[in-house]
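Structure first, then comments.
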Amino acid sequence: MNYLKIENLTKTIKNIEILQNVNLEILKGEIFGLIGPNGAGKTTLMKILSGLSDITQGTVILDGNESKQNRVFTGGKVGILIENPASYGWLNGYENLKIVAQTQKNNKEQLDKIIQISGLEDAIYMKTAKYSLGMKQRLGIAMALLNNPELLILDEPLNGLDVEGVAQIRELIRKLSREEKLTILISSHVLSELDKICDRAAFIKKGEILAVVSHNDLKDGGYEEKYNQLVKGRK
Ligand SMILES: Nc1ncnc2c1ncn2[C@@H]1O[C@H](COP(=O)(O)OP(=O)(O)OP(=O)(O)O)[C@@H](O)[C@H]1O
């Protein structure tokens, strides 16, 4: 069953087609990768799916609800981490989370569970200015979980992390999929960051979906060469 269906989606900014006739289906409960080089249109697509940016043409159906007046109707079901996670550096992780939690009306129990799931327990009373990038990403993911989403949209959450940081966030994403049963859309410009965790992935370049591939295609790492050919081969 699909959770998200994107039909003939086009996005034009200042007469430039940033996304060209995108068609994608994301199934309920899957981890879906959006992989493509810088400037491919990943962030633009994710902003549209989060309801933060308008559709120029086409339709998005999210959990059965069709986009209206060129805007995706998220119905509070989408948690997002787009571009760099922001926080007040002079406050600790808990205080930062509480600020967002107030708007979502989370109780303490829910907050504690999210802190535990996102692996922030040890650092939660530390000022976030002192957080490593990995910890900032965890906090960003924790914030995205506050509205109890069904779909989590993560834009390059592994970008800039060291090998251990990448492994830890990947494990967190797996856990959110396995234990919390979230549908997850995650982007990266590096295939090897995502190839082992995605159930399926789409390759995107210059606003165009070049291919959608399965976990079996991706899992043995042999897809790297094919991906490079695909991405380099299209002007
Ligand atoms: N508001 C805007 N005005 C003009 N051009 C834009 C705007 N937003 C995005 N673009 C252009 O659209 C293209 C896609 O950008 P986008 O940020 O979606 O790509 P991306 O795949 O997320 O890449 P990156 O990883 O570098 O962020 C880029 O060429 C970018 O310059």
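Heads up: numbering here begins at 1 and tracks the sequence.
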Task: Side-chain touch Q137/P85, heavy atoms, less than 4.5 angstrom - done: yes
Task: Separation of T128 OG1 from N92 CG (nearest 0.5 Å) - done: 8.0 Å
TODO: Drop me the distance from S87's OG to K136's NZ, to the nearest 0.5 angstrom.
DONE: 6.5 Å
TODO: Considering only NZ, NE, NH1 and NH2 on the basic side and carboxylate oxygens on the acidic side, decide whether E25 and R200 come within less than 4.0 Å.
DONE: no
TODO: Establish whether M126 and I114 are linked, either directly or via other cluster members, by ILVMFWY side-chain heavy-atom contacts under 4.5 Å.
DONE: yes
TODO: Flag the pair I153 / V78 as yes when at least one side-chain heavy-atom distance between them is below 4.5 Å, and no otherwise.
DONE: yes
Open item on the list: Can you give me the closest heavy-atom contact between S187 and P157, atom names plus distance?
Closed with: O-CD, 3.7 Å
Task: Within-4.5 Å side-chain heavy-atom neighbours: L185 and L152 - done: no
- [ ] Starting at CG of N148, measure out to CD of E150 and round the result to the nearest 0.5 Å.
- [x] 8.0 Å
- [ ] Can you measure from CD1 (I186) to CD (E156) and round to the nearest 0.5 angstrom?
- [x] 9.0 Å
Task: Step-by-step side-chain contact (heavy atoms from CB on, under 4.5 Å) determination, M1 to L27 - done: CA-CA 6 Å; M1 195 176 73; L27 306 178; over 6 Å; no
Open item on the list: In the structure I gave you, are the side-chain heavy atoms of R138 and L172 within less than 4.5 Å of one another anywhere?
Closed with: yes
TODO: Using atom types as modelled and distance alone, determine if a side-chain donor or acceptor of D217 lies under 3.5 Å from a backbone N or O of S214.
DONE: yes
Open item on the list: With rounding to the nearest 0.5 angstrom, report the CG to NZ distance, D54 to K47.
Closed with: 12.5 Å
Open item on the list: Could you walk me through whether T59 and N8 satisfy the side-chain contact (heavy atoms from CB on, under 4.5 Å) test, starting with their C-alpha distance in whole Å, then the side-chain angles of each, then the deciding distance to 0.1 Å, before giving a yes or no?
Closed with: CA-CA 7 Å; T59 311; N8 308 320; over 6 Å; no
Task: L176/I141 under side-chain contact (heavy atoms from CB on, under 4.5 Å): CA gap, chis, key distance, verdict - done: CA-CA 10 Å; L176 291 170; I141 293 172; 3.9 Å; yes
Open item on the list: Could you see if I117 belongs to whatever hydrophobic cluster contains I169? Use Ile, Leu, Val, Met, Phe, Trp, Tyr and a side-chain cutoff under 4.5 Å.
Closed with: yes
Open item on the list: Quick one: does any side-chain atom of T10 pair with a main-chain N or O of N21 as donor and acceptor, under 3.5 Å?
Closed with: yes
- [ ] Report whether I26 and F73 are members of the same hydrophobic cluster (ILVMFWY, side-chain heavy atoms less than 4.5 Å apart, transitive linking).
- [x] no
Task: Heavy-atom pair with the smallest gap, counting every atom of D155 and T43 - done: OD2-OG1, 2.8 Å
Task: Within-4.5 Å side-chain heavy-atom neighbours: L34 and L45 - done: yes
TODO: Flag yes if L91 and M135 sit in one hydrophobic cluster, no otherwise; membership is Ile, Leu, Val, Met, Phe, Trp, Tyr, and two members link when side-chain heavy atoms are under 4.5 Å apart.
DONE: no
Task: Full working for salt bridge (Lys or Arg N to Asp or Glu O under 4.0 Å) between K181 and E179 - done: CA-CA 6 Å; K181 311 283 181 233; E179 295 174 18; over 6 Å; no
Task: Any S177 side-chain heavy atom under 4.5 Å of R174 side chain - done: no
Open item on the list: For L146 versus L97, what's the shortest heavy-atom pair and its separation?
Closed with: CD1-O, 3.7 Å
Open item on the list: Closer than 4.0 angstrom, basic N to acidic O: yes or no for E95 and K127?
Closed with: no
TODO: List the atom of L19, the atom of G41, and the distance in Å for their closest heavy-atom pair.
DONE: CD2-O, 3.6 Å
Task: Donor-acceptor under 3.5 Å (Y94 side chain, A123 main chain) - done: no
Open item on the list: Could you check whether atom CD of E171 has more than 12 heavy atoms from other residues, nucleotides or ligands sitting under 6.0 Å from it?
Closed with: yes
Open item on the list: The test is side-chain contact (heavy atoms from CB on, under 4.5 Å); show your working for I184 and I173 and say whether it passes.
Closed with: CA-CA 8 Å; I184 300 175; I173 290 161; 4.0 Å; yes
- [ ] Step by step, work out the salt bridge (Lys or Arg N to Asp or Glu O under 4.0 Å) result for E180 and K113.
- [x] CA-CA 11 Å; E180 305 301 315; K113 185 179 176 216; 3.2 Å; yes
Task: Heavy-atom closest pair, residues L191 and F203 - done: CD1-CE2, 3.7 Å
Open item on the list: Under a 3.5 Å distance rule, please check whether D199 uses its side chain to pair with a backbone N or O of E30 as donor and acceptor.
Closed with: no
TODO: For side chain to side chain donor-acceptor pair (under 3.5 Å), just list the numbers for E193 and S188, CA-CA rounded to whole Å, side-chain angles, deciding distance to a tenth of an Å, and then say yes or no.
DONE: CA-CA 7 Å; E193 282 183 353; S188 178; 2.7 Å; yes
- [ ] Mark yes when over 12 heavy atoms from residues, nucleotides or ligands other than K98 sit less than 6.0 Å from its NZ; otherwise mark no.
- [x] no
Task: Path from I80 to L24 over hydrophobic side-chain contacts below 4.5 Å - done: yes
Open item on the list: Regarding E17 and K11, does a basic nitrogen lie under 4.0 Å from an acidic carboxylate oxygen?
Closed with: no
Task: Heavy-atom side-chain contact between M143 and N96 under 4.5 Å - done: yes
Open item on the list: Is there a side-chain contact between L4 and T183 in this structure, where contact means two heavy atoms from C-beta onward sitting under 4.5 Å apart?
Closed with: no
- [ ] Provide the closest heavy-atom pair for H189 versus P37 in the form atom of the first, atom of the second, distance.
- [x] CB-CA, 4.2 Å
Open item on the list: Would you compute the distance between atom NZ of K196 and atom CG of L218 and round it to the nearest 0.5 angstrom?
Closed with: 9.5 Å
